[in-house]
Protein chains: 12
Amino acid sequence: MRIRIIHGPNLNLLGLREPDLYGHDNLDELNKKIQDLAGSLGVEVEIFQSNSEGEIVDLIHQCVGHADALVINPAAYTHYSIAIRDAVSTIRLPVVEVHLSNIHAREEFRHRSVVAPVACGQIAGFGSASYLLGLRAAKQLVEEARR
Amino acid sequence: MRIRIIHGPNLNLLGLREPDLYGHDNLDELNKKIQDLAGSLGVEVEIFQSNSEGEIVDLIHQCVGHADALVINPAAYTHYSIAIRDAVSTIRLPVVEVHLSNIHAREEFRHRSVVAPVACGQIAGFGSASYLLGLRAAKQLVEEARR
Amino acid sequence: MRIRIIHGPNLNLLGLREPDLYGHDNLDELNKKIQDLAGSLGVEVEIFQSNSEGEIVDLIHQCVGHADALVINPAAYTHYSIAIRDAVSTIRLPVVEVHLSNIHAREEFRHRSVVAPVACGQIAGFGSASYLLGLRAAKQLVEEARR
Amino acid sequence: MRIRIIHGPNLNLLGLREPDLYGHDNLDELNKKIQDLAGSLGVEVEIFQSNSEGEIVDLIHQCVGHADALVINPAAYTHYSIAIRDAVSTIRLPVVEVHLSNIHAREEFRHRSVVAPVACGQIAGFGSASYLLGLRAAKQLVEEARR
Amino acid sequence: MRIRIIHGPNLNLLGLREPDLYGHDNLDELNKKIQDLAGSLGVEVEIFQSNSEGEIVDLIHQCVGHADALVINPAAYTHYSIAIRDAVSTIRLPVVEVHLSNIHAREEFRHRSVVAPVACGQIAGFGSASYLLGLRAAKQLVEEARR
Amino acid sequence: MRIRIIHGPNLNLLGLREPDLYGHDNLDELNKKIQDLAGSLGVEVEIFQSNSEGEIVDLIHQCVGHADALVINPAAYTHYSIAIRDAVSTIRLPVVEVHLSNIHAREEFRHRSVVAPVACGQIAGFGSASYLLGLRAAKQLVEEARR
Amino acid sequence: MRIRIIHGPNLNLLGLREPDLYGHDNLDELNKKIQDLAGSLGVEVEIFQSNSEGEIVDLIHQCVGHADALVINPAAYTHYSIAIRDAVSTIRLPVVEVHLSNIHAREEFRHRSVVAPVACGQIAGFGSASYLLGLRAAKQLVEEARR
Amino acid sequence: MRIRIIHGPNLNLLGLREPDLYGHDNLDELNKKIQDLAGSLGVEVEIFQSNSEGEIVDLIHQCVGHADALVINPAAYTHYSIAIRDAVSTIRLPVVEVHLSNIHAREEFRHRSVVAPVACGQIAGFGSASYLLGLRAAKQLVEEARR
Amino acid sequence: MRIRIIHGPNLNLLGLREPDLYGHDNLDELNKKIQDLAGSLGVEVEIFQSNSEGEIVDLIHQCVGHADALVINPAAYTHYSIAIRDAVSTIRLPVVEVHLSNIHAREEFRHRSVVAPVACGQIAGFGSASYLLGLRAAKQLVEEARR
Amino acid sequence: MRIRIIHGPNLNLLGLREPDLYGHDNLDELNKKIQDLAGSLGVEVEIFQSNSEGEIVDLIHQCVGHADALVINPAAYTHYSIAIRDAVSTIRLPVVEVHLSNIHAREEFRHRSVVAPVACGQIAGFGSASYLLGLRAAKQLVEEARR
Amino acid sequence: MRIRIIHGPNLNLLGLREPDLYGHDNLDELNKKIQDLAGSLGVEVEIFQSNSEGEIVDLIHQCVGHADALVINPAAYTHYSIAIRDAVSTIRLPVVEVHLSNIHAREEFRHRSVVAPVACGQIAGFGSASYLLGLRAAKQLVEEARR
Amino acid sequence: MRIRIIHGPNLNLLGLREPDLYGHDNLDELNKKIQDLAGSLGVEVEIFQSNSEGEIVDLIHQCVGHADALVINPAAYTHYSIAIRDAVSTIRLPVVEVHLSNIHAREEFRHRSVVAPVACGQIAGFGSASYLLGLRAAKQLVEEARR
């Protein structure tokens, strides 16, 4: 089972940005944790980060034929990128939306996700663990779909 | 470690209600899955269900001194019960909000949670697995808080 | 044919409360009229009143297996109780929403019913007669469903 | 006792239009049911249909001196015709608003009636039976006014 | 193939009204262009104009059995006539909504069409050519439906 | 100088309708006052009343070539008839909007006029005198335009 | 009969400010026209101008015992001065609101008057003539009140 | 004179919950202060606390015949419980709404009280003293009503 | 202890203005009651009234060094004067906002206070007693601040 | 005459994505149809597709000096890309906005186009034919501009 | 070249009020900096402060004939004073709006300026430097206008 | 001291685009002015332009370690790019937002900046001079931060 992980904009500076909200891990440390869990779950992961909406659309498209599920943190694009929403709904694979911070506890405009209505589900607020829970969720969704 | 699980209104009829949205498990089957995972995680769980807002407030209050964390599915109350929100913010324990269905993909009025801003995080859309992921999240939050 | 009648909050004080809006009957007098019509229609009715949202949810749930239809005046809860809405949509029986007063002619916030979208229909503004018309409507819905 | 019945726009094509919402009766069949009940209630009914807002205003005005009550389904005009609203409030007779479908369960813009605040009450969602219940309601309102 | 063309209110004064927005053609010149294209496409067209909402509803109803498709410019009624919307959705034929001016570039209230959601598509902003493109579109929709 | 006066819907029942708001004059008495003032001002007036939006559009169109100005009370249509608004802006004559009652002191939805932005001005709240002031205003606008 | 005239803020610079909207008269010329009409109507007028909301409130209060009616152009304060609104409703005299320009044809925020709901009526859009019509209206309101 | 005091949801945990907002007193200490002032004012007080909306409705109903006035802190229910609002308006006694914290200085959703429009008045922001001032206010309202 | 009392606009006409809402006391009588209570509480009060927003800002500023607390009824300015709000937040003294009428039971626009979020608390609806309760509240706030 | 065609995000996966909405053609088949019509119209077309907002801005800029008109389907960017809107308004060429699906019949957020107000017109809802009609419209706009 | 500087309400207490937002300078120190820069730029400045909206309107009017440009910090009035807005648009001189704090980073209601749409530009967030940059901007605007 | 300047989308075509709004300078001429002022201020500037949101995010990130401050004109992205907002808040350097045109005097949607709340301040409306003032502001912010 192959699961793609996509980190959205500004996550390349993770650790620099408001550590109270996002934790002290940098992106490499986060990715290490994801790889470790993937190993123990017997799942193969490919991890990408991009600041570009268009590139993220491309990365989502590439899942078709190359991945069984997608775990995505659209970061800032969560709140307005209908292009990413449409990409997610086009690929017809299990998609899990994750967020490091609890977006529902922040500015009003971060409460709304335009991606969530076309994803399978959303996990927000658990720091690095959001990704780890998301990976477990994605794995289960693939297994359910295969049944 | 003790973690309280609270199921909100109408979940006593789980399995009867729109199975496409909520799955075919009834509440006993769901609770069994939670107990099983709790066992394997070495966590003690107490599970409650109530249709009454006031009773749920009481059940939340009782966590003080009796539980290390709370996993709650406020169900319909998610969207308007400021009483439950205030109870959650009063007890000062890790609280994880979970939902069987992807509330962000349903009617507009279900997108907003008045509880989420005072919870640690939210997990929605994975059916029974939302609770299982929530239990894992709660356990980790307790462990982090103890460090 | 058995039809359950549920009176929502504050209706126990009927007759005391703004008689211009709600009429001069008290609850016993209203129930007597309902029983009389039920008798002449050959329908068995069970009548309940509760001020508690959770209890009303329970009373709705109990319809499953015990009643063929429900006539409910959710009163104040009409305008915000998603818990009652979800209970109504869970039981999968004909449900008729009734109101003594014309809620569409009162304060703006009383124009919207969160229950109506999952009920079969709504009857409002005819005083005691709203219940009597609601009983007739419920009876016919049961008969149609049986055809 | 004379009661006028007015069918609003597009009801002349009843039976053709979305039968799931409006039922399979055509307008003649519906009118036959109304006439039958009127006969058994000892009420005289006059039935009109018009697609024109201005004509409907005229038909409402003519009630003065010619009818004791009005049962009206303003159909599409329900949601914006202040002209019909003003006509209803001018004639100072009992007016019952009826709808075949449950307007509260349809598109958001159909939830609001600009006529209902000046009518005595509203009955919606029972198909042909909405008119029959409306006729009973109108008769009772006339009798109450005569007392 | 017969296609009905309906011009909505104030289009009888075309050429008089704000020529910058609507062009210098009067209605006869516009109709001549439509007839010419219809001739070259082998389509029979019937053209109507009315300032009355009720008459336009009637003209739409008459399509049933008399036309294969409808090209309609509801003009001012575009923005509020739910009666016309319901007529369009009742006849179950291909309907193309056209506008001389680019309604999306004018006052805010002209951006919204209540008819468009039940039409097949909308063409706006090309002056007389909007009708000509609309005729082509209608012809193709009929051909596709016949396949 | 010829000035057309148009009374909108429900004004044919003037005197019957809420006399506190609209005064005790009936339409003939109002028209008599208008004719009297017109006589003393040396102005010729033609007075029309219609309950039909389409007819009112026609009556406005007929001003072209037949009247120097228009005094119109669009009544209920004031608040939603974009068809009448477009007719008013098409004829390119001085147009004065008048109202018997003070629409700004009534229900929220009566505060907004969709016609006023394309009229020269609005006079509201003076009962019959609104028309008389409107006639004076129209006369002056014609005289100014002629200078 | 004594009628007070109050000009609100920025009207002291009349003639300087956007002449297309407000005309070429300066305030003295406008006041001369008002005095002339007052003379011919046999009415005594006192005219004030102030840029200060508090002073305008004082000027309104002074009407009690010193004037039979008030004609006021609250200018910019029209749209937000609840203090002026409350002053107008306190003095219990006929009050006519006038505007040089057609406020309903300008920026959205100028469409709403917070004063109009407590005035007798509003006249807007006729330049200097708005005051002259307002004076006539005020005179008639006083005469009606005396009857 | 008997005055009932009702504490709404979560006030049983007073002292535990955000002391900066609500003060350090627990509920017993607050009640002691109320009893002390009542004693010195010669007023008899009965004090209740409930987390249940339905129970609070019952407690309000019981005032009829048992209390001369009500001082209520509806806490979280302040902002949405139309059931409590209707109970307050039904009992026809002087009702004073009190809040420990200044609800107008907190989250937007706490600024609006659905109860206040049917209470006599509201006192908010003075900690325990809000209740003491409320008790004084209630006493005076009873005395005024008795005059 | 010195406490300043500021009465906002139109309160100079107290007793004249809608006595049902504001009571029959005139301003002198109200001030007498305040002085009497101040005497019995051992507090020195200075009382001001102004219709001018700028003057009220000045009066608030003067508290610095001259008063220990402020009791203010901003009247109409309550709902829009950010200048008064900023003055209140600048002086860093205990400020109590009072209202004679229950502003939450009146027009929608009177429900919102722009001053309340920077005051310590608000007391509304008790007529003259609102000031008396406000004086007590202010006294206590000063005493608490001194502790 | 050279006309540029730009396909926005996700259109590269055409045929994969919801065929009920977008049809079964893939992008090559669509482009073939466009090329064929261009050939028969004697127009040269250049066709581009991009998922990147910035690239689409660049592609629009390049029209200056290289194309006579632009036919663009901004897809998801239609609803929020002010950057694309500004690019369209900068190039001062005829621009036609096209959509495969009827965006006015889909989710509320798809009804609004931020590009349309600066385009010449919009064509939506005709599948592949939307592009073909758009090509005809663009050709005519160029011809008109050349006159 | 003469440039007028106007400080709005509460700025007389600068230095006292929230120094984190407004800096530690008092008004004299700020004015000294402005005078110093004016000297070095060869510009004559006149500086005024007022808490009164009406006085500020007067101060703006006085610019006509006495100043070449205006630098104004309308402070609290920024957000609602249409009177000041109208004064600014009346004088037809270059006007620069300045703010000490970044109003776009504060409460929602401070984001909107009703003055900015009629000013030349806005500078906000740089403390004292906002005025100094504003002075430079005003000087350049005068020089450009003179060219 | 090094200051980065970033020009957002469509600014590469400066001079072509609506010169009334943006001036006649092209981008090179604007950059020349910036370089000239930088030289005279003893500041080193690096200037970038991009039409791509992702690239702008990258350019902002690169400031870390390479620049002391940022002057950015996010152009169209100002109004919706939360990605740019988050990049600005991540880098923790002084950031000045500038606009050529007065965005507060243009379309409603241009009044709101999603970037401004995390920038130090905003300068809008002075054409090229906005950048020059922005450069001065940035220099001062760096100097203050160094103190």
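Chain letters run A, B, ... following the sequence lines, proteins first and then strands; every chain starts at 1.
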Exercise for the section: For A:A76 and L:D86, work out which heavy atoms get closest and say how close. Expected result: CB-OD2, 3.6 Å
Completion exercise
Heavy-atom closest pair (A:Y80 atom, L:I82 atom, distance to 0.1 Å) is OH-N, 3.4 Å
Problem - Side chain A:N10, main chain L:A83, donor-acceptor under 3.5 Å - result: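 Answer holds: yes.
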Handout entry: Interface residues of residues 44-64 of chain L facing chain A - non-hydrogen atoms under 4.5 Å apart
Key = L:E53, L:G54, L:V57, L:D58, L:H61, L:V64
Exercise for the section: With chain A as the partner chain, list the residues of residues 112-126 of chain L whose heavy atoms fall under 4.5 Å from it, by residue number, and write 'none' if nothing qualifies. Expected result: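 If one takes a 4.5 Å heavy-atom cut-off, no residue of residues 112-126 of chain L lies near chain A.
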Handout entry: Reported NE2-to-CZ distance for the pair A:H79 and L:R85, which is rounded to 0.5 angstrom
Key =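 With rounding to 0.5 Å, NE2 (A:H79) is 10.0 Å from CZ (L:R85).
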